[in-house]
Protein chains: 2
Amino acid sequence: MTQRYRLHGRVWIEGPEGTFLGYGRVVLLERIREHGSITAAARSMEMSYRHAWKLVDSMNRQSRCPVVEKSTGGRGGGGAVLTEAGERAIACFWSAYRDFKAFIDERTQKLDLS
Amino acid sequence: MTQRYRLHGRVWIEGPEGTFLGYGRVVLLERIREHGSITAAARSMEMSYRHAWKLVDSMNRQSRCPVVEKSTGGRGGGGAVLTEAGERAIACFWSAYRDFKAFIDERTQKLDLS
DNA sequence: TTGCGTTATGTTCCGCTGTGCATTACGCTT
DNA sequence: AAGCGTAATGCACAGCGGAACATAACGCAA
């Protein structure tokens, strides 16, 4: 049966300056790994470059080791690559996110509303 | 020790039209129970009456039985009282909210970021 | 030296959410 | 009949986050 009410929610990881990792930020990191540049990553998820750059900057500032290494100029104009710290950040968030999803699904079953 | 990163999050209960119960909505219901009117409840939490009324209306539309019964005119100009269904809604949300808080605290301990 | 594509950064614009204000309806009290 | 404090509802305005646009800096290639 389809139930009338469902529990929903969001989670993110906070760092020294506020949000450090969230769903969108982590997807952005994955797109950077895939495309090799902030520009292409942003375009692939229909996000403005301006916004994507700010997110990457925020993550880099709050991480002990940068999650993305950027280069300007040169062959292809430059680019951005995910670091090992970036890989760990992605894994850390998805792990918590999976647990959160499981919690939501399970807790929705226990909702007690007539 | 104070850790560098913490898991944060929000939860709410969705109904047929979108958000049905969230933190602010449930506090509003409690204030209505306490003050006996939407006007006083809204003022007590520094929310505009306009907004508070819309939230109550949204909750009433999505609940099988209204969570708040309103009356206009009469002694004192009217007012609003929490129904039994409203009480159950409050209890249902806080119960899920407590479990969520416990999940967040516990999961924060397991965060694995250098 | 010119061209290219990217990073970097400021400025303006838009859409959404909630506030603030004005007005009406209501029903008890005096 | 007049006054009151509330619910109900429309409309203009403000604040904010992100989008869109415009440049500049950079470094390799041709």
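Each salt bridge (Lys or Arg N to Asp or Glu O under 4.0 Å) pair with one or both residues in residues 46-56 of chain A, not counting sequence neighbours, would appear here, but there are none. Pairs engaging residues 24-45 of chain A under the ring pair (Phe, Tyr, Trp, His ring centres under 6.0 Å) rule: none recorded [sequence neighbours left out]. Judged as a side-chain hydrogen bond (donor to acceptor under 3.5 Å, both in side chains), not a single pair has a partner in residues 70-79 of chain B (not counting sequence neighbours). Pairs passing the salt bridge (Lys or Arg N to Asp or Glu O under 4.0 Å) check and including a residue from residues 17-29 of chain B, sequence neighbours excluded, read Glu17(B)-Arg61(B).
Between the side chain of Gln62(A) and the backbone N or O of Thr19(A) there is at least one donor-acceptor pair closer than 3.5 Å.
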Please list, one pair per line, the donor and acceptor atoms closer than 3.5 Å that link side chains of residues 79-94 of chain B to other protein atoms, with sequence neighbours excluded.
unit_1   : atom_1 : unit_2   : atom_2 : d
Thr83(B) : OG1    : Pro66(B) : O      : 2.7
Thr83(B) : OG1    : Val67(B) : O      : 3.2
Thr83(B) : OG1    : Ala85(B) : N      : 3.3
Thr83(B) : OG1    : Gly86(B) : N      : 3.0
Glu87(B) : OE1    : Arg33(B) : NH1    : 2.7
Glu87(B) : OE2    : Arg33(B) : NH1    : 3.2
Trp94(B) : NE1    : Glu30(B) : OE2    : 2.8

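Residues forming a side chain to side chain donor-acceptor pair (under 3.5 Å) with Ser95(B) (at least two apart in sequence, or on another chain): Arg107(A). Under the side chain to side chain donor-acceptor pair (under 3.5 Å) criterion, Trp12(A) pairs with Glu14(A), sequence neighbours left out. The salt bridge (Lys or Arg N to Asp or Glu O under 4.0 Å) check on Lys110(B) picks up Glu106(B), with sequence neighbours excluded. For Arg31(B), there are no salt bridge (Lys or Arg N to Asp or Glu O under 4.0 Å) partners two or more places apart in sequence or in a different chain.
Scanning DNA chain D 5' to 3' for nucleotides with an atom closer than 4.0 angstrom to a non-hydrogen atom of chain B gives a first and last hit of dG5(D) to dC11(D).
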Nucleotide-resolved protein contact map, nucleotides 18-30 of chain C, B/S/- at heavy-atom distance under 4.0 Å | SSB-----BBS--

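Of the residues in residues 6-40 of chain A, not one comes within less than 4.0 Å of DNA chain D through any heavy atom.
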